There are 2 protein chains.
Amino acid sequence: MSIRHAILGFLSWKPFTGYELKGLFADALSFHWSGNSNQIYTSLLELHKAGSVSVEVQQQEKHPARKVYTITDAGRAELREWLLSEPELPVFRSMAQAQLAWSAGLSDGELDGLLASYERQLSDQAIMCRETIRRGSTGPDRSPREKLIWKSINDNRAALYEAELAWTRGLRAKIRKLS
Amino acid sequence: MSIRHAILGFLSWKPFTGYELKGLFADALSFHWSGNSNQIYTSLLELHKAGSVSVEVQQQEKHPARKVYTITDAGRAELREWLLSEPELPVFRSMAQAQLAWSAGLSDGELDGLLASYERQLSDQAIMCRETIRRGSTGPDRSPREKLIWKSINDNRAALYEAELAWTRGLRAKIRKLS
DNA sequence: CAAAGCATGTAAGCAGTTACATGATTGT
DNA sequence: ACAATCATGTAACTGCTTACATGCTTTG
């Protein structure tokens, strides 16, 4: 329900190969499916079988053949239908919070270590996000509206990590005050 | 990797039946696996087979037999190991944002409708969260530390929905200004 | 000479959701 | 009469991850 639509989304810009899509997914930090190329290839095969994309094989001398995928009218219709469908609530899932929830059996030191570890990871991630945004060029940028939307999505992502980081720091301080 | 640990977490408080666990999951808004009883039952069977929980069947006259599950020492060890394991980064997944990302093909009206729909859902959810928190008693409350942690987790959840809501409203306004 | 990049896939498995299946009791 | 509560499970499917499998070229 999701990586397939995202692939159709990228292909709505222009034709791509599976390898190129892999790079797009990795760069577009708005999407978490980084680096998992396998599903892209299998999804492309499925999309092709379903008639949502067409494929052109380009033989190359020095490299394996490239398979360039192009979205079809059926694929465009599918994409449009998804775009207009009722959006779902976002999912915020944090294993660290689940760990915290049942941390009653941990000592103060162990708990603080857990929080410290979570804090560090969030901090790293937030910095990485901001850095990627600063370097610019995440997104298509074909119209002012599209540019605004992609910038907002990236900012939102960074802001979420920062909010989680601030929350973690606050909680850590409060717990330290308790003991 | 997760619902099993959460079940062990609840069972570390006291023994429960599958049905009671189902209620705990639904109430504890910190967890998103609401209402999905099936996996609880299958997970309990697995945990039992693995020796992490023991089970006592209580026959009843007017109702089906209750299977009361109790955590074993092995289960406690498993729980503790998970609690001390390196926390993962939180996952923020928003299908609505993916829809937005490729909304270039939508008209201004269609896009605004999408945002309005997302905004309403977030608003409902945020209100529900706050209301549940206000009614109190989400969490175990056996020590000041535990109480603080559960309150913080619930607040954090509500705050995330509110942040997403504010983001959506802001984006909607900016887009309106563009056109 | 090793690492990174180019380029494609298959197979197995896990977590989680949805649908299917049953059936009595209690409250409105 | 109808819905909700109590109480348990099985089977199929989807989405995603991990491991496996290949092999050539360019850059440091």
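Note that the structure is predicted; figures quoted are calculated from it, not measured. Quick note on labels: first sequence line is chain A, next is B, and so on, each numbered from 1.
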Problem set entry | Phosphate OP1/OP2 of D/dA7: any B/Ser37 side-chain N/O under 4.0 Å |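 False: B/Ser37 side-chain N/O out of range (4.0 Å or more) of D/dA7 OP1/OP2.
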For this session: Could you tell me whether the phosphate oxygens of C/dC6, OP1 or OP2, come under 4.0 Å of any side-chain nitrogen or oxygen in A/Lys22?
Result: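 For A/Lys22, the contact criterion (side-chain N or O under 4.0 Å from OP1 or OP2 of C/dC6) is not met.
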Exercise. With nearest nucleotides of DNA chain C determined for A/Leu45 and A/Arg66 from heavy-atom distances, which residue corresponds to the more 5′ nucleotide?
Worked result: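 Final value for this comparison: A/Arg66.
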For [X] and [N], give me the distance from atom [atom1] to atom [atom2], rounded to whole Å.
{"X": "B/Leu44", "N": "C/dA15", "atom1": "CG", "atom2": "C1'", "result": "16 Å"}
{"X": "A/Arg93", "N": "D/dT17", "atom1": "CZ", "atom2": "P", "result": "11 Å"}
{"X": "B/His5", "N": "C/dG16", "atom1": "NE2", "atom2": "C1'", "result": "16 Å"}
{"X": "A/Lys67", "N": "C/dC6", "atom1": "NZ", "atom2": "C1'", "result": "16 Å"}
{"X": "A/Phe16", "N": "C/dA7", "atom1": "CZ", "atom2": "P", "result": "14 Å"}
{"X": "A/Glu88", "N": "D/dT14", "atom1": "CD", "atom2": "C1'", "result": "13 Å"}
{"X": "A/Ile40", "N": "D/dC16", "atom1": "CD1", "atom2": "P", "result": "11 Å"}
{"X": "B/Glu46", "N": "C/dG13", "atom1": "CD", "atom2": "P", "result": "15 Å"}

[X] side chain: which of [options] is closest?
{"X": "A/Gln60", "options": "C/dA7, C/dG9, C/dG16", "answer": "C/dA7"}
{"X": "B/Thr42", "options": "C/dG9, C/dT8, D/dT10", "answer": "D/dT10"}
{"X": "B/Gln39", "options": "D/dT10, C/dT17, C/dC6", "answer": "C/dT17"}
{"X": "A/Pro64", "options": "C/dG16, D/dG9, C/dA7", "answer": "C/dA7"}
{"X": "B/Ile3", "options": "C/dG9, C/dG16, C/dA15", "answer": "C/dG16"}

For this session: Test B/Glu164 against every option in B/Gln97, B/Gln121, B/Gln125 by the side chain to side chain donor-acceptor pair (under 3.5 Å) rule and name the one that passes.
Result: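 Only one option passes, and that is B/Gln97.
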Problem set entry | Close side-chain approach of A/Ile7 and A/Phe25, heavy atoms under 4.5 Å |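 A/Ile7 vs A/Phe25: side chains touch.
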Problem set entry | Heavy atoms of other groups near B/Glu146 CD, more than 12 under 6.0 Å |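 Yes.
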Problem set entry | hbond_proxy A/Asn38 side chain to D/dT17 base (donor-acceptor, 3.5 Å cutoff) |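 Checked by distance alone, the answer is no.
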For this session: With sequence neighbours left out, write down each residue that passes side-chain contact (heavy atoms from CB on, under 4.5 Å) with A/Ala74, or none if nothing qualifies.
Result: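 With sequence neighbours excluded, A/Ala74 shows a side-chain contact (heavy atoms from CB on, under 4.5 Å) to A/Thr72, given in chain and number order.
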Exercise. Would you say the side-chain atoms of A/Thr168 and A/Glu119 include a donor-acceptor pair closer than 3.5 Å?
Worked result: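 A/Thr168 vs A/Glu119: no donor-acceptor pair found between side chains.
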